[in-house]
Chemist: 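Encoded as structure tokens, here's the structure I'll be asking about.
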Amino acid sequence: MRWRARWGGLICLMLLAGAAWIGSASSEQAKSGNGWTEVLPQIWRTDTPPYGYAVVVDRHAFLIDAPDAAEGLRQAARLQAIESVWLTHHHHDTCRAVGALLQAKVPVRAAPAALEWLRTADVCKFWAEAIPLRSSRTAYFVLPEGVEGIDGSLVEGTSFDWRGWNFRVVATPGHSRDHLAFAVTPPQSEAKGPIVFTGDAFTAPGQLWTPFSTDWDHWTDMGLKPAAESLRKLAQLRPVALLPAHGPIVTNDPVAALEWTAKRVEEVGFLKSFERFSRRRGQVPQYAFLAKDQVGSAGEKPWTQVSEHLFLTGNTYVLVSEHEKAFLVFDPWGERSAQQIAKLKKERQLGKLEVVMFSHAHYDHFDGIYHLPQRETFQVWATDVVAQPIAEPYLFRAPFLDARPVRFDRLFREGDTTTWREYRFRFHHLPGQSYFTMGVETEIDGKRCMFTGDNWFHMEQYSGSGGWMGLNRSSPRFYS
């Protein structure tokens, strides 16, 4: 399984690298040979992404982000001093040289929220909690060690004049909660709009960099919705150029590029709703949203009887057999699920728990297994893809896992079928919210059903996009 997992991870990375949303610089300026190149008058850029930028006036520099210690810039532009650094966001690839700049007494400024990911105590706490990688905080990329001395005073509308240039802060949450862009106007500019340093809010027309990092909370529309709103906010500035951290500089109709990208972001959100997608195709669903009282719950609410033999609380389904009232559990979540299952068993006089299945490799869909009694008396089933990170969490080091490995009794491949009691199951690889997701097709009480985990939310369930989860090697392309 170990070698398969490694190849599986490599294939996933290749898929992500090739996805249309994952931006990369498609064109390069001529290299200076010193790691920095002047790409626009008085604006320099690192030669490799993630791009750091510098406005250089009279051999003094104002830096946007700090992926590089700027020694090459000092040589190439013959600098006398670096006078200030503004950070677009806290991710380690844009901040890895911050420590060196602070030690050199260069003032560094960022958004107030960025400090939560940069200060020494907070970074230490993050890494202490990072194994198992169970928090959505792991959607973000954190410095290995924190730094002190960053000024967290950059907020929406902050304006700063430096050597004739005006720098204005534009809050652009989406790629991260703390993300900022900077609208910069050169002295005596005749242009009708600013130059915008976009950071990772924009990569190229129709592209975002690492779109999975837009996931702040996949129960709400936070993440994708702000990402689209931020792109439209930047478009309203009528910029004359976009300078992203990943991707080529855009000077050909930047407004259209931003609006097109916002439209793509909104489309990903649209695909989260099966109902909306069906209506677009002229196939209006003819059913009511079942079990509305379970929305956003964690198994603390009483069981909803979805149909004669199917029960739901929180993430967890229980499927009951006609024979001996044996039952199957799908996606047990934590100790509360185990308690609820025991309660249902007693109230409904159920028989033996025989099978447990996990829809995908996020801990809130499988860590109830650690609390279910008599583990030796029931089997654990999943597809081979879903089982890999759950069985060997340290091999993948992916977010939303639990460090405790789970032993699987049966593994299935795409298209495999099996029976349990009177039910016949067909297993599908169903990537979307996570690459490691399966769909399980069966018939329950005369209706054809598919267990899909968290791949879709009902349009009535959440506003906007309904959120989306890109953690554990996913991509919007899987949703589409």
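Just so you know, these numbers come straight off a predicted model, no measurement behind them.
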Chemist: For Asp161, look at atom CG and say whether over 12 heavy atoms of other residues, nucleotides or ligands are found less than 6.0 Å away.
Modeler: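 Yes, because the 6.0 Å sphere around CG of Asp161 holds more than 12 heavy atoms from other groups.
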Chemist: Side chains of Val184 and Trp165, heavy atoms from C-beta outward: is any pair under 4.5 Å?
Modeler: yes
Chemist: Considering residues at least two apart in sequence or located in another chain, which fulfil the side chain to side chain donor-acceptor pair (under 3.5 Å) criterion with Thr172?
Modeler: His179
Chemist: Sequence neighbours left out, what passes ring pair (Phe, Tyr, Trp, His ring centres under 6.0 Å) with Trp260? Give chain and number order.
Modeler: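 So Trp260 forms no ring pair (Phe, Tyr, Trp, His ring centres under 6.0 Å) with any residue.
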Chemist: According to the salt bridge (Lys or Arg N to Asp or Glu O under 4.0 Å) rule, which pairs have a member within residues 95-111, sequence neighbours left out?
Modeler: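 Listed once each, the pairs are Arg109-Asp151.
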Chemist: Name all residues meeting the side chain to side chain contact (heavy atoms under 4.5 Å, CB included) criterion together with Ser84; count only those two or more places apart in sequence or in a different chain, and write none if there are none.
Modeler: Phe62, Trp86
Chemist: In a check of ring-ring contact (aromatic ring centres under 6.0 Å, His included) between Phe197 and each of Tyr53, Phe167, Phe202, which one passes?
Modeler: Tyr53
Chemist: By ring pair (Phe, Tyr, Trp, His ring centres under 6.0 Å), which residues pair with Phe451, not counting sequence neighbours?
Modeler: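 With neighbours one apart ignored, the set is Tyr317, Phe330.
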Chemist: Over 60° means perpendicular and under 30° means parallel, so classify the ring planes of His362 and Phe400, tilted if in between.
Modeler: perpendicular
Chemist: Apply salt bridge (Lys or Arg N to Asp or Glu O under 4.0 Å) to Arg168 and list each qualifying residue two or more places apart in sequence or on a separate chain.
Modeler: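 None.
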Chemist: Apply ring pair (Phe, Tyr, Trp, His ring centres under 6.0 Å) to His429 and list each qualifying residue two or more places apart in sequence or on a separate chain.
Modeler: Tyr435
Chemist: Going by the rule ring pair (Phe, Tyr, Trp, His ring centres under 6.0 Å), which residues pair with Phe358 if we only count those two or more places apart in sequence or in a different chain?
Modeler: Phe366, Phe408
Chemist: Can you pull the salt bridge (Lys or Arg N to Asp or Glu O under 4.0 Å) pairs that have at least one residue in residues 74-88, sequence neighbours excluded?
Modeler: Glu71-Arg74, Glu83-Arg163
Chemist: With sequence neighbours left out, which residue pairs that include part of residues 236-261 fulfil the salt bridge (Lys or Arg N to Asp or Glu O under 4.0 Å) condition?
Modeler: none
Chemist: Between Thr88 and Asp65, is a side-chain hydrogen bond (donor to acceptor under 3.5 Å, both in side chains) present by the stated rule, with each step listed?
Modeler: CA-CA 6 Å; Thr88 57; Asp65 286 329; 2.9 Å; yes
Chemist: For Glu335, what residues pass the salt bridge (Lys or Arg N to Asp or Glu O under 4.0 Å) criterion, not counting sequence neighbours?
Modeler: none
Chemist: Can you sort out the partners of Arg336 under side chain to side chain contact (heavy atoms under 4.5 Å, CB included), two or more places apart, ordered by chain and number?
Modeler: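 Arg336: side chain to side chain contact (heavy atoms under 4.5 Å, CB included) contacts with Ala298, Glu300, Gln340.
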